[in-house]
Amino acid sequence: MAFWWPLVVIAFAFAICKFLLMLIPSNVPSIDVDASDVLDDGNHTKENSFIYIPSRRQTDKVQCYEPATMKYLGYFPALKPDEVKERVAQARKAQKVWAKSSFKQRRQFLRILLKYIIEHQQLICEISSRDTGKTMVDASLGEIMTTCEKITWLLSEGEKWLKPEYRSSGRSMLHKTAKVEFHPLGVIGAIVSWNYPFHNIFNPMLAAVFSGNSIVIKVSEHASWSGCFYLRIIQAALAAVGAPENLVEVITGFAETGEALVSSVDKIIFVGSPGVGKLIMRSAADTLIPVTLELGGKDAFIVCEDVDVPHVAQIAVRGVLQSSGQNCAGAERFYVHKDIYSSFVAEVVKIVKSVTAGPPLAGKYDMGAICMQEHSEKLQSLVNDAVDNGAEIIGRGSVGNIGEGAVDQYFPPTVIVNVNHTMKLMQEEAFGPIMPIMKFSTDEEAVKLANDSRYGLGCAVFSGSQRRAKEIASQLHCGVAAINDFASTYMCQSLPFGGVKDSGFGRFAGIEGLRACCLVKSVVEDRWWPLIKTKIPKPIQYPISENGFEFQESLVVALYGLNVWDRLRALVDVLKTLSEPNTAKNNKRTD
């Protein structure tokens, strides 16, 4: 005890000092971001007060509207390929300057962003809500908290994981040091989806900029209005730390805009559908750039019989309704043990019937609108197919007071039973507030059902036995898993995020995602330079000696032999060969 006591005291003192340092306010400047043109004061002008009816024909403009009310928000240009390449060229020029920036400067950039986000949560959430239809609570959970968590992780650990990492040099290279260096790739391209417009921009941007890259982000045509405002925040923070202009760009447009971006950058990150992801891969093959694909999922939510049913039912409903049914890594398939199936379904129905959907900024609604036009029709088609094949709707939420022009933007949360895997609802990604619930009898059956999907993004497993839940989760073929929780893995920003199968490949977030923005370079150098230098042994110098191969043979045994005595004998042979005169082979041909 006498030996350990001083160490305990020192460790405790260190922890106290670190805590006290955290209490000292950082010298972080504030930034001003003009939001006058995005604030909704209720006094709509003629230009933005009418109900918008989207055209099926793409034009040179990206038209924006509020999904919850269908009120017009304005438009942004659909950039042509030449315009995209010009933006990338400007970003490339800025990156060459930023690559020389210090981690101190990069951390200050993050702190300025964090300060602004914390002080302007309502503004950020309202803009996300207006552009995508989600509630303020859902925006806070999916936009604010996840982004703040990523920033704080980068502040705490980002530099550590981008510094050179020393590795073992092996037996034959003991006189060398071996390390991995992480250099910026150049210009990162990102094509992101609409469901989390704030976080989907900040997520790739933070990793790219902190690792010394520039980034050009094509936002979804369904969330361009919010994306262009969020760019102002980034630009103001970059200007505050003296970063070059055009380091971060947000571009708007349709398919040809995205295609031009893929062909111009040094790496592409894509968040979207499997079909478009495959097109991205084909395009990226022309320039052989690395690709990260996050293509959605159909996560399994497994509930064993030994759980607290009301507690897990609440998590289940939250899992499927998060962001107004606009789930990212959302729970879409529910497997419940037969012994608690009836009680679990009854509890879920009770919760769902209490849920009301409506314009998120017009009242205290539990759920907002569906972002994309005509998506409600797809959801209803999936439900109809299930019902036609024997499924039963046993509970639905309600829809509040909505405008006549926005009726099609709402889909009430729906609970369906008697489903099976022959139904489209259990195979296709719904991306909506539908809860299909199946029963299982054994853990093996639950695993088989959960793995019977072309997607493999995430899963959630609930059991009163944590060991049992972990055992089930370990057998599921997916990229992320939550034990007795849902989607908690994404809030641990030290962890990589991504899936397998039709959910894509590659990872963002965590160490893996940060380093994926880097050129990974292996470096070897002399350990004791210039005292010890690499010198080619005489037997294998040109012209090669007659005993050159015998020397190599003995050297291999000396270094890698399994028996210590064999290695010692081989070492003697090596030393003996080195001491012999170098007799070159006579390779000349005689006629």
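Along the sequence shown, residues carry numbers from 1. Note that the coordinates shown come from a computational prediction; the quantities given were computed from them, not determined experimentally.
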task: Let me see the working for Y65 and Y72 under ring pair (Phe, Tyr, Trp, His ring centres under 6.0 Å), right down to the final yes or no.
output: CA-CA 4 Å; Y65 57 92; Y72 187 59; 8.6 Å; no
- request: Flag the pair K71 and E66 as a salt bridge only when some basic side-chain nitrogen lies within less than 4.0 angstrom of an acidic carboxylate oxygen.
  value: no
message: Has S128 got a side-chain atom pairing as donor or acceptor with A139's backbone, closer than 3.5 angstrom?
response: no
message: Could you check whether atom CG of D32 has more than 12 heavy atoms from other residues, nucleotides or ligands sitting under 6.0 Å from it?
response: no
- request: Could you check if a side-chain atom of T69 sits within less than 4.5 angstrom of a side-chain atom of L361, using non-hydrogen atoms only?
  value: no
field: Contacts of E245 that satisfy side chain to side chain contact (heavy atoms under 4.5 Å, CB included) - sequence neighbours left out
entry: none
field: Flag for R130-S226: side-chain donor and acceptor within less than 3.5 Å
entry: no
field: Between K115 and S30: side-chain donor-acceptor atoms closer than 3.5 Å
entry: yes
Validation row: R396, V415 side chains within 4.5 angstrom (heavy atoms): no
- request: Step through the shown structure and confirm whether more than 12 heavy atoms of other residues, nucleotides or ligands are within 6.0 Å of CD on Q122.
  value: no
task: Mind checking the SG-NE2 spacing from C518 to H183? Nearest 0.5 Å is all I need.
output: 9.0 Å
message: Minimum heavy-atom separation for N200 and V192, please, with both atom names.
response: O-CG1, 3.2 Å
message: Evaluate D299 against R333 for side chain to side chain contact (heavy atoms under 4.5 Å, CB included), listing each step before the verdict.
response: CA-CA 6 Å; D299 292 4; R333 297 177 294 146; over 6 Å; no
- prompt: Taking atom CZ of R232 and atom CD of Q235, what is their separation to the nearest 0.5 Å?
  reply: 9.5 Å
L114 side chain reached by C148 side chain, heavy atoms, under 4.5 Å: yes
statement: Nearest heavy-atom contact between S211 and C517 is OG-CB, 3.4 Å
task: Without swapping roles, check the side chain of N246 against the backbone of A94 for a donor-acceptor pair under 3.5 Å.
output: no
- prompt: When rounded to the nearest 0.5 angstrom, what distance separates CD in E429 from OG in S273?
  reply: 8.5 Å
Backbone N/O of I118 and side chain of Q121: donor-acceptor pair under 3.5 Å: yes
query: For I268, which of T292, T287, L293, V291 qualifies under side chain to side chain contact (heavy atoms under 4.5 Å, CB included)?
result: V291
- prompt: Does the pair M281 and F270 meet the rule for a side chain to side chain contact (heavy atoms under 4.5 Å, CB included), with working shown?
  reply: CA-CA 10 Å; M281 281 289 295; F270 174 72; over 6 Å; no
- prompt: Parallel, tilted or perpendicular: which describes the rings of H222 and W194, with under 30° parallel and over 60° perpendicular?
  reply: perpendicular
message: For a 4.5 angstrom cut-off between non-hydrogen side-chain atoms, does L476 reach V461?
response: yes
message: Keeping S488 on the side-chain end and D485 on the backbone end, is there a donor-acceptor pair under 3.5 Å?
response: no
message: Check this for me: does any side-chain nitrogen of one of E159 and K163 sit under 4.0 Å from a carboxylate oxygen of the other?
response: yes
- prompt: T356 and G400: which non-hydrogen atoms are nearest, and at how many Å?
  reply: CG2-N, 3.6 Å
Heavy-atom check, side chain of E143 versus side chain of P197, under 4.5 Å: yes
query: Under 3.5 Å, side chain of Y410 to main-chain N/O of A68, donor-acceptor pair present?
result: yes
query: Within the distance-only criterion (no hydrogens, no angle test), does the side chain of R515 pair as donor or acceptor with the backbone N or O of L162 below 3.5 angstrom?
result: no
message: Is it true that, when you exclude K93 itself, more than 12 heavy atoms of the residues, nucleotides or ligands shown sit nearer than 6.0 Å to its NZ?
response: no
Under 3.5 Å: donor-acceptor pair, side chain of T257, backbone of L79: yes
task: Might you work through the side chain to side chain donor-acceptor pair (under 3.5 Å) test for S224 and E221, ending with a clear yes or no?
output: CA-CA 5 Å; S224 296; E221 56 269 33; over 6 Å; no
message: Given the ring of Y75, does K61 sit roughly above its face, with NZ or CZ under 6.0 Å from the centre of the six-membered ring and within 45° of the axis?
response: yes
query: How long is the span from the CD1 atom in I188 to the NZ atom in K267, to the nearest 0.5 Å?
result: 6.5 Å
task: Measure the shortest side-chain to side-chain distance between T147 and L113 over non-hydrogen atoms and say whether it is less than 4.5 angstrom.
output: no
- request: Output, in order, the C-alpha distance, side-chain angles, deciding distance and verdict of salt bridge (charged side-chain N to carboxylate O under 4.0 Å, His left out) for D60 and K80.
  value: CA-CA 9 Å; D60 58 348; K80 302 301 181 184; over 6 Å; no
statement: Output for pair (S129 OG, M136 CE), nearest 0.5 Å, gives 6.5 Å
query: What's the shortest heavy-atom distance between D366 and V355, and which atoms?
result: OD2-CA, 3.4 Å
message: Apply side chain to side chain contact (heavy atoms under 4.5 Å, CB included) to residues F210 and F103 and explain how you reach the verdict.
response: CA-CA 8 Å; F210 194 80; F103 282 111; 3.8 Å; yes
- prompt: Does L495 reach the side chain of V480, with side-chain heavy atoms less than 4.5 Å apart?
  reply: no
task: May I have the step-by-step check of side chain to side chain donor-acceptor pair (under 3.5 Å) for K85 and S263, ending in yes or no?
output: CA-CA 9 Å; K85 291 177 181 179; S263 66; 4.8 Å; no
Spatial distance of atom OG (S453) from atom CD (E428) [nearest 0.5 Å]: 11.0 Å
- request: Walk me through it: do L141 and R318 pass the test side chain to side chain contact (heavy atoms under 4.5 Å, CB included)?
  value: CA-CA 11 Å; L141 287 168; R318 163 58 65 181; 3.9 Å; yes
N/O donor to acceptor pairs below 3.5 angstrom from side-chain atoms of residues 502-509, sequence neighbours left out:
{"unit_1": "D502", "atom_1": "OD2", "unit_2": "R454", "atom_2": "NH1", "d": "2.5"}
{"unit_1": "S503", "atom_1": "OG", "unit_2": "G296", "atom_2": "O", "d": "2.7"}
{"unit_1": "S503", "atom_1": "OG", "unit_2": "G456", "atom_2": "N", "d": "2.9"}
{"unit_1": "S503", "atom_1": "OG", "unit_2": "L457", "atom_2": "N", "d": "3.2"}
{"unit_1": "R507", "atom_1": "NH1", "unit_2": "G499", "atom_2": "O", "d": "3.1"}

- request: Mark yes or no for whether S140, through its side chain, and V137, through its backbone, hold a donor-acceptor pair below 3.5 Å.
  value: no
message: Under the criterion ring pair (Phe, Tyr, Trp, His ring centres under 6.0 Å), I'd like the reasoning laid out for Y230 against H199: C-alpha separation, chi angles, the key distance, then a yes or no.
response: CA-CA 10 Å; Y230 295 144; H199 183 70; over 10 Å; no
query: Which of these, W153, Y196, F497, sits in a ring pair (Phe, Tyr, Trp, His ring centres under 6.0 Å) with Y490?
result: F497
G74 backbone acceptor or donor facing W225 side chain under 3.5 Å: no
message: Test of understanding: with salt bridge (charged side-chain N to carboxylate O under 4.0 Å, His left out), list the residues that count as partners of E157, not counting sequence neighbours.
response: none
- prompt: If we only count heavy atoms from C-beta on, is the F229 to D131 side-chain gap below 4.5 Å?
  reply: no
message: If we ignore hydrogens and angles and just use 3.5 Å, is the side chain of Q380 paired with the main-chain N or O of E377 as donor and acceptor?
response: no
Where V187 and V265 come nearest, the two heavy atoms and their spacing: O-CB, 3.5 Å
